[in-house]
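Accompanying notes for the structure given below.
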Number of protein chains: 4
Amino acid sequence: MKTAQTAQTDAAQVRAGVRTGAGIRTKVKAKRMPREVRERQMLDAAVEIFARRGYAAASMDEIAELAGASKPLVYLYLNSKEDLFSACIRRESEALVTAVRSGIDPEASPDGRLWSGLLGFFAHTAAHPDAWAVLHCQARTHGEPFASAVCAMRQEIVDVVTQLIAATAREAACAVEPDGREITGLAHALVGAAESLAAWANTSGDAAPSEKETAATLMNLVWAGLGNLMNGRCWSATRP
Amino acid sequence: MKTAQTAQTDAAQVRAGVRTGAGIRTKVKAKRMPREVRERQMLDAAVEIFARRGYAAASMDEIAELAGASKPLVYLYLNSKEDLFSACIRRESEALVTAVRSGIDPEASPDGRLWSGLLGFFAHTAAHPDAWAVLHCQARTHGEPFASAVCAMRQEIVDVVTQLIAATAREAACAVEPDGREITGLAHALVGAAESLAAWANTSGDAAPSEKETAATLMNLVWAGLGNLMNGRCWSATRP
Amino acid sequence: MKTAQTAQTDAAQVRAGVRTGAGIRTKVKAKRMPREVRERQMLDAAVEIFARRGYAAASMDEIAELAGASKPLVYLYLNSKEDLFSACIRRESEALVTAVRSGIDPEASPDGRLWSGLLGFFAHTAAHPDAWAVLHCQARTHGEPFASAVCAMRQEIVDVVTQLIAATAREAACAVEPDGREITGLAHALVGAAESLAAWANTSGDAAPSEKETAATLMNLVWAGLGNLMNGRCWSATRP
Amino acid sequence: MKTAQTAQTDAAQVRAGVRTGAGIRTKVKAKRMPREVRERQMLDAAVEIFARRGYAAASMDEIAELAGASKPLVYLYLNSKEDLFSACIRRESEALVTAVRSGIDPEASPDGRLWSGLLGFFAHTAAHPDAWAVLHCQARTHGEPFASAVCAMRQEIVDVVTQLIAATAREAACAVEPDGREITGLAHALVGAAESLAAWANTSGDAAPSEKETAATLMNLVWAGLGNLMNGRCWSATRP
DNA sequence: CATGAATGAGTGTTCATTCAT
DNA sequence: CATGAATGAACACTCATTCAT
């Protein structure tokens, strides 16, 4: 009977340790699993390899092996190396944006909302360093289709931050309504700072700061400035 | 007369626009130039191609063509792809550090010095986006020799910023001596914010803010926070 | 019917004669053959090209084409030019040693054994002139790994000859035990003479002597001298 | 004044030790020498490099450097790598044939003439191992023009030996007039044996036998057989 | 004639991708 | 669907050769 067979096959699942270069992950060699699952495994493997080797140096052989699938199957499901890379970027972009969005507590105070958004960002990038490496370092340097996908994701985050800052301004009934353009600039600066900190934290090895520390560093750096700006107080270059 | 004709032909050295893939630059096809000049052209071309395609995907053929030289000549002068990449990193690192250092007016006040340093960094990265892409995105993801070279450069800039902040702290007779690790984090955040702003400014088309405006945005965002930090005042998450 | 047509086409696999440079061999272009067979074809082609052009001048392209396969397949199976050359040497060495060994009738008299050994050596080198060219001319002039492999093979043959001569000496109850170094020299002389005769026979066209005649010529030339040496009788330069 | 200048230049002749790979020779860098001398230096260098690296792997740069001349001059005098190689073969072939011919004492007895011819051959190949390596190993494996040049040289030597054997037969008033074809075969065998012994002696390093020893080995091997043949006594395969 | 800038043509090697079984 | 045979197209790198100065 099919059920019994499947059960048996499941029980006898081959679990083999694989070492690919400095690879540590364990490859699960199981036959006949639903496409959805297989595809996820392929994307997992691809993200890992792309992060480790870079887009161009990553080999489809290695990805297929790490995914525990045959190369023709990878092509059947994901068409080409480019499409595979695109799929990685799409999945990881969405995951990151979701993590940031869902980290924000809409009931919190303005600074609390910014804080929780940052915390979501840093927690996600710390938990998925390969994904972050792909998005931050690989995707932007390998041709238009990839770069613009990442750009769109970035824009989404910038929008979130922009709305956060605008809301802050409104709630503070601030003296000077800052213009939209300046707010967008501030959002870009904030996101850039966060990205840079995330990359730094991920590559700091053992001495990496916790997500809370990283987020606090950034809040310390910018919150006072944001508050000043909301009240029309500017730093002025006394001696340009 | 033949002599005159030849002279004329020589004088009217062929200047042909070339399009290599998405290439836009104009290649100057001039034969027999001193090694120094050719080498600079090669580095220029290499930086551009490395930025556009990434280290691994960049082809020596394309670099040579863009440099207006043949591949063997590139190898004669620069030995190998690795060496060429190293040479790019070295040259661009030094240029960037020099730009930042020489932008700082040592007579200025602490905030003025930070302002002018940012402005220098900013102006340079905006003027040489390819160089910055190579340093920031490529060099760190392609093996030790490159990564450490970039790391050294980054450290120099962080040092500059660190000294700036430290000087600020001293002049402010600040209550709390900030620790080195936190300063490094702040420097990374600053650099990331600056980079992001630069990219945003570069892609804003007509409405692009001037470098001074961009730098002012960043100063507004961070100067107050830096001041607070120097005095031991932190933002605290009231509702974590 | 389409099925029938396809079947026919499959059955009538394209057999095309190819001329590569001065190539004469007929290449069999058959797709999808077992690895073992393809590998043998590759080695055949490699031996031919290495013999014709020399190790350094032989191109993997030409070898692949003559083998009726693509270059990547050659690399998949044989890894590199060096490994391919090694494989050739190994295969041909073993074949030659086997030919010599299996040609010797252990029941025969000493001279009969030498005769049959020569005949075996001779027949093999005449039948596989490319293989002999690779072993004799190429392998020794291209670096240690190759040289020592050929050296080992040569030693095996010298050993065979040595044992033959030693047996002769024993049976003849010879007066003087010849030293090993001299025997090695004699073996080299014999091999050189045999090789030279083989080449001469090969290029004599219609008037070419049979292998047996050639072998007889050599036996006539050396047997008496060998017998003398075994008995301590030397030719002496009466007038140096 | 020109004379003074030249004198000065001559006095300041650069004498630089060069190390090319395992190279040991000392390069004499002298300007303005007669073409004949320069050409000889070039051929010397070429023979050395061709022997050390093989024809294909030898680089014109290295040859020019070892010859102490500029590359364009090498091309001016010798046209191309092929022509240079041909010139080497021609010069060394002639030298070898001359050495063999002039070594033979026409007054000597038959065996004395053979002996002295062999001695000349072995002495020359031992004194010029690079030349012999080029003739024996390189020239025959790099295409028709070279192979046939060497073949012609070889034929000259075979002719010399053939005449020697024929003269021997005549002088011995031998019982059976051996036919010309058999004598030619014997000559080929002899020459091949000598070649093989020369190569062996040259590659034996420190333990290399002297020329007299080598020649004696060969005489011991063949003289008795030759004598027998001249008298119609053949070895016969008792048990073929 | 030396110097050194310059290159066309080719080398060994790799990899994404396909297809028959 | 896994297996493995098969390849087109490219890539880094080298070298004999030329020519202006």
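In this text the structure is predicted, and so the values were computed from the model without any measurement. Throughout, protein chains are lettered first and strands after them, A, B, ... in sequence-line order, and every chain is numbered starting at 1.
- If you measure from atom CG of B:Asp83 to atom P of F:dA12, you get 14 Å, rounded to the nearest angstrom.
- Per the geometry, CG belonging to A:Leu78 stands 14 Å off C1' belonging to E:dA16, to the nearest Å.
- Counting non-hydrogen atoms under 4.0 angstrom, C:Pro34 reaches nothing in the nucleic acid.
- Of the side-chain N and O atoms in C:Tyr75, none sit less than 4.0 angstrom from OP1 or OP2 of E:dT14.
- Atom-to-atom, CZ of A:Arg35 to P of F:dC1 comes out at 9 Å; the value is rounded to the nearest Å.
- Going from atom CD1 of B:Ile63 over to atom C1' of F:dA12 covers 11 Å, rounded to whole Å.
- Taking atom CD of residue D:Glu39 and atom C1' of nucleotide E:dC1, one finds them 15 Å apart after rounding to whole Å.
- The distance from atom CZ of D:Arg53 to atom P of F:dT14 is 15 Å, rounded to the nearest whole Å.
- At the heavy-atom level, B:Leu73 lies under 4.0 Å from base atoms of the strands shown.
- The interatomic distance linking D:Ile49 (CD1) with F:dA16 (P) rounds to 12 Å, in whole Å.
- Side-chain contact between B:Met42 and B:Leu73: present, with at least one pair of heavy atoms (C-beta onward) separated by less than 4.5 Å.
- Candidate nucleotides E:dG12, E:dT17, F:dA16 were compared by shortest atom distance to the side chain of C:Met60, and E:dG12 ranks first.
- In this structure E:dA20 sits in a base pair with F:dT3, meeting the Watson-Crick or G-U test at under 3.5 Å.
- Heavy-atom nearest nucleotides on DNA chain E were determined for C:Tyr55 and for A:Ala58, and the one closer to the 5' end corresponds to C:Tyr55.
- Remark on DNA chain F: of its neighbouring residues C:Ser70 and B:Ala57, the 5'-side contact belongs to C:Ser70, judged by nearest-heavy-atom nucleotide.
- For E:dT13, its base never sits under 3.5 Å from the side chain of C:Lys81 at any donor and acceptor pair.
- When the side-chain nitrogen and oxygen atoms of C:Tyr77 are compared with OP1 and OP2 of F:dG4, none of them lie within a distance under 4.0 Å.
- Nearest to the side-chain atoms of A:Arg38 among the listed nucleotides E:dC15, F:dA2, E:dT13 stands F:dA2.
- Rounded to an integer number of Å, the gap from B:Asp61 CG to F:dA10 P is 11 Å.
- If you check every strand for non-hydrogen atoms under 4.0 Å, A:Ala56 touches nothing.
- Residues B:Leu84 and B:Leu43 are in side-chain contact: their nearest non-hydrogen atoms beyond the backbone lie under 4.5 Å apart.
- The two residues D:Phe50 and D:Ala58 come nearest to each other via the heavy atoms CD2-CB, 3.5 Å.
- Base pairing of F:dC15 is made with E:dG8, judged by Watson-Crick or G-U wobble geometry with both donor-acceptor distances under 3.5 Å.
- Figure legend. E:dT14 is base-paired to F:dA9; pairs are counted as Watson-Crick or G-U wobble with both atom distances under 3.5 Å.
- In this structure the side chain of A:Glu65 never reaches within 4.5 angstrom of the side chain of A:Lys71, judged on heavy atoms.
- Set against F:dT3, F:dA16, F:dT14, the side chain of B:Pro72 has F:dT14 as its closest nucleotide.
- Interatomic distance, CD1 of C:Ile63 versus SG of C:Cys88, reported as 7.0 Å (0.5 Å rounding).
- Geometric assessment of B:Lys81 against the ring of B:Tyr55 yields a positive cation-pi assignment under the 6.0 Å and 45° thresholds.
- You'll find a donor-acceptor pair under 3.5 Å spanning the side chain of A:Lys71 and the base of E:dT17, going by distance alone.
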